[in-house]
Enquirer: 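Submitted below is the structure of interest, expressed as structure tokens.
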Number of protein chains: 2
Amino acid sequence: MRDAKEPHGGRSPGSEATDDYLKAIFEIGGREERMVGSKEIASHLEITAASVTNMLQKLAAAQPPLVVYQKHHGVNLSRAGKKRALEIVRHHRLIETFLAQVLGYPWDEVHQEAERLEHFISERFEERIAAKLGHPEFDPHGHAIPALDGSLPGGAPGRAPQALSQLKPGQTARVASVSDKDPDMLRHLAAEGIRPGIRLTLSERLPFSGSFQVRVGKSEKLCSLSEPLASAILVATK
Amino acid sequence: MRDAKEPHGGRSPGSEATDDYLKAIFEIGGREERMVGSKEIASHLEITAASVTNMLQKLAAAQPPLVVYQKHHGVNLSRAGKKRALEIVRHHRLIETFLAQVLGYPWDEVHQEAERLEHFISERFEERIAAKLGHPEFDPHGHAIPALDGSLPGGAPGRAPQALSQLKPGQTARVASVSDKDPDMLRHLAAEGIRPGIRLTLSERLPFSGSFQVRVGKSEKLCSLSEPLASAILVATK
DNA sequence: TGAAATATTTAGGTATGCCTAAGTTCTGGC
DNA sequence: GCCAGAACTTAGGCATACCTAAATATTTCA
Ligand SMILES: [Mn+2]
Ligand SMILES: [Mn+2]
Ligand SMILES: [Mn+2]
Ligand SMILES: [Mn+2]
């Protein structure tokens, strides 16, 4: 049976819910680690803002505190909170990579499974799959996998990837990553041959529809991407 | 994030706790599926009998009912309960086999990890690891893995394996399975060369100590097994 | 610079699944 | 058949993590 129990004295809160909050704060806050509001966390986790406030107070009161909470102004991850968030992100991305490479999952199904399992694997499991995969640096969607010490590959060099939707017509760039949240979108992108590492050239932006015409690799024909699609693709301009 | 939620109308109870109860009832009840009392479940799950009574009432009230509950006389699994129990046992044993064969876990560590993960893998995950392993029939400890339809290999033929402690001196038998609950014990058995499939010959039972002298395979030297150890080894007399 | 709009918090409540303490029912030995 | 002790259930609570509705703080902008 699962660990559970231990309703004892001053411990950190639960764990699955806690993990999800820390990961949400980490993802919403971005590189600059800006303060994150209750509303943002609420919509990210699809729960109410009142529930979030309640939980943030617990996370701030935990020993050690997992967030720094300023009433009415939002939260930041504490050192301990950030460490745990990075650990969960590492779990998530290692699991995704493992499911795709070892178990042959299609890339649109790995996210959902990883979202659950990330909370329940042991350090041993993490270590074994990392070793089996040769300590990969990126997951199937092109997202960087934090190392054991919390460092991120590509954390230092170059400027951060930008959304494809921000390229100017004529510009060419390499796909850095694609959002892993929407299976339909991922299947569509795979069918168009768009995946991390592929070169894209922005041909033009259509008026009214707001959609983008891009050339995939060196192919002749153009591919049309709707606005949300183009925002879900991050590219690195070499 | 995990599925969770749905505090809606008449549904089956939670899931992790429910799974553990159903599996406990399944394991305690044995082949003959005899009625199982609250006390037995309580000590198996290391919780109080009061908690068990409470949960059994919920399981019996579930739609469909997961157990048949007779106040003061114990429970049996319903058809739906047995189906779920077998599914969890299948998960557990497939995961153990997977951890040992694909991830190189030592056989004394697989049980603890499987005990947690069995509740959280998807049908897809189950299907993928079963395929990767070539649809194995037994786990690393020699326990039969239920098939998708709930049938157990070796369910029909021959008599059920008996404890090594019940052999008569001079008898030879093949190890069918060993208990997976105690890592120390498993490490000890591995060191002695005792694992499923190995032939054991009972040499004699020592007076007072109650321990058993057995010959492992065709080796010369004898191995001494304490009573609890000899009860944890099930053998098939050909 | 004040509302009005928006964001956030507080208050009160629910479901799950566990606990202890205090009954109640059952059972085996006499 | 009776009755003590074991087994079981009931009653009352607690922690986690959600929710809705109502109050309050902050921000926006006319
Ligand atoms: Mn880890
Ligand atoms: Mn990903
Ligand atoms: Mn299954
Ligand atoms: Mn086993």
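Just so we're on the same page: letters track the sequence lines, and every chain starts at 1.
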Enquirer: Rounded to whole Å, how long is the line connecting atom CD of A/Q57 with atom C1' of C/dT9?
Expert: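 Taking CD of A/Q57 and C1' of C/dT9, I get 7 Å after rounding.
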
Enquirer: Starting at atom CD1 of B/I47, determine the distance to atom C1' of C/dT16, rounded to an integer number of angstrom.
Expert: 13 Å

Enquirer: For the side chain of B/K58, counting heavy atoms from C-beta on, which of C/dT9, C/dG17, D/dC8 is nearest?
Expert: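 So the nucleotide nearest the side chain must be C/dG17.
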
Enquirer: Output yes when a side-chain donor or acceptor of B/T97 lies under 3.5 Å from a complementary backbone atom of B/R93, and no otherwise.
Expert: yes

Enquirer: In whole angstroms, how far is the P atom of D/dC19 from the CD atom of A/E46?
Expert: 11 Å

Enquirer: How close or far is atom C1' of C/dA7 from atom CD of A/Q70, stated in whole angstroms?
Expert: 15 Å

Enquirer: So if I take every side-chain heavy atom of B/M55 and compare against C/dA21, C/dG17, C/dT25, which nucleotide ends up nearest?
Expert: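 Nearest to the side chain of B/M55 among the choices is C/dG17.
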
Enquirer: For B/L59 and C/dG17, what is the distance between atoms CG and C1' respectively, to the nearest whole Å?
Expert: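 Checked: the CG to C1' distance equals 11 Å.
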
Enquirer: OP1, OP2 of C/dC18 versus side-chain N and O of B/T48: anything below 4.0 Å?
Expert: no

Enquirer: For B/H91, run the side chain to side chain contact (heavy atoms under 4.5 Å, CB included) check against B/H119, B/K23, B/E126, B/E96 and tell me which one passes.
Expert: B/E126

Enquirer: In whole angstroms, how far is the C1' atom of C/dC19 from the CG atom of B/L45?
Expert: 15 Å

Enquirer: Is A/S38 near enough to C/dT9 that one of its side-chain N or O atoms lies under 4.0 angstrom from OP1 or OP2?
Expert: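 For A/S38, the contact criterion (side-chain N or O under 4.0 Å from OP1 or OP2 of C/dT9) is met.
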
Enquirer: Can you see if the side chain of A/Y21 gets near the phosphate of D/dC18 - specifically, an N or O under 4.0 Å from OP1 or OP2?
Expert: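 So the side chain of A/Y21 is within the cut-off, an N or O lying under 4.0 Å from OP1 or OP2 of D/dC18.
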
Enquirer: Between C/dT9, C/dG17, D/dC8, which one does the side chain of B/A17 approach most closely?
Expert: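 Of the candidates, C/dG17 comes closest.
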
Enquirer: Starting at the 5' end of DNA chain D, which residue's closest nucleotide do you reach first, A/N54 or A/K71?
Expert: A/N54

Enquirer: Base, sugar-phosphate, or nothing for B/S51, non-hydrogen atoms under 4.0 angstrom?
Expert: base

Enquirer: Centroid separation under 6.0 Å, is that true for the rings of B/H92 and B/H143?
Expert: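 No; B/H92 has its ring centre 6.0 Å or more from that of B/H143.
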
Enquirer: Using atom types as modelled and distance alone, determine if a side-chain donor or acceptor of B/Y105 lies under 3.5 Å from a backbone N or O of A/F125.
Expert: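 Looks like yes, one N/O pair under 3.5 Å.
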
Enquirer: Nearest whole angstrom, please: distance from the P of D/dA25 to the OH of A/Y69.
Expert: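 For the pair A/Y69 OH and D/dA25 P, the rounded distance is 13 Å.
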
Enquirer: Check the pair B/K39 / B/V52 against side chain to side chain contact (heavy atoms under 4.5 Å, CB included), numbers first and verdict last.
Expert: CA-CA 8 Å; B/K39 193 100 187 294; B/V52 174; over 6 Å; no

Enquirer: Between atom NE2 in A/H73 and atom P in D/dT24, what is the gap in whole Å?
Expert: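 It works out to 17 Å between those atoms.
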
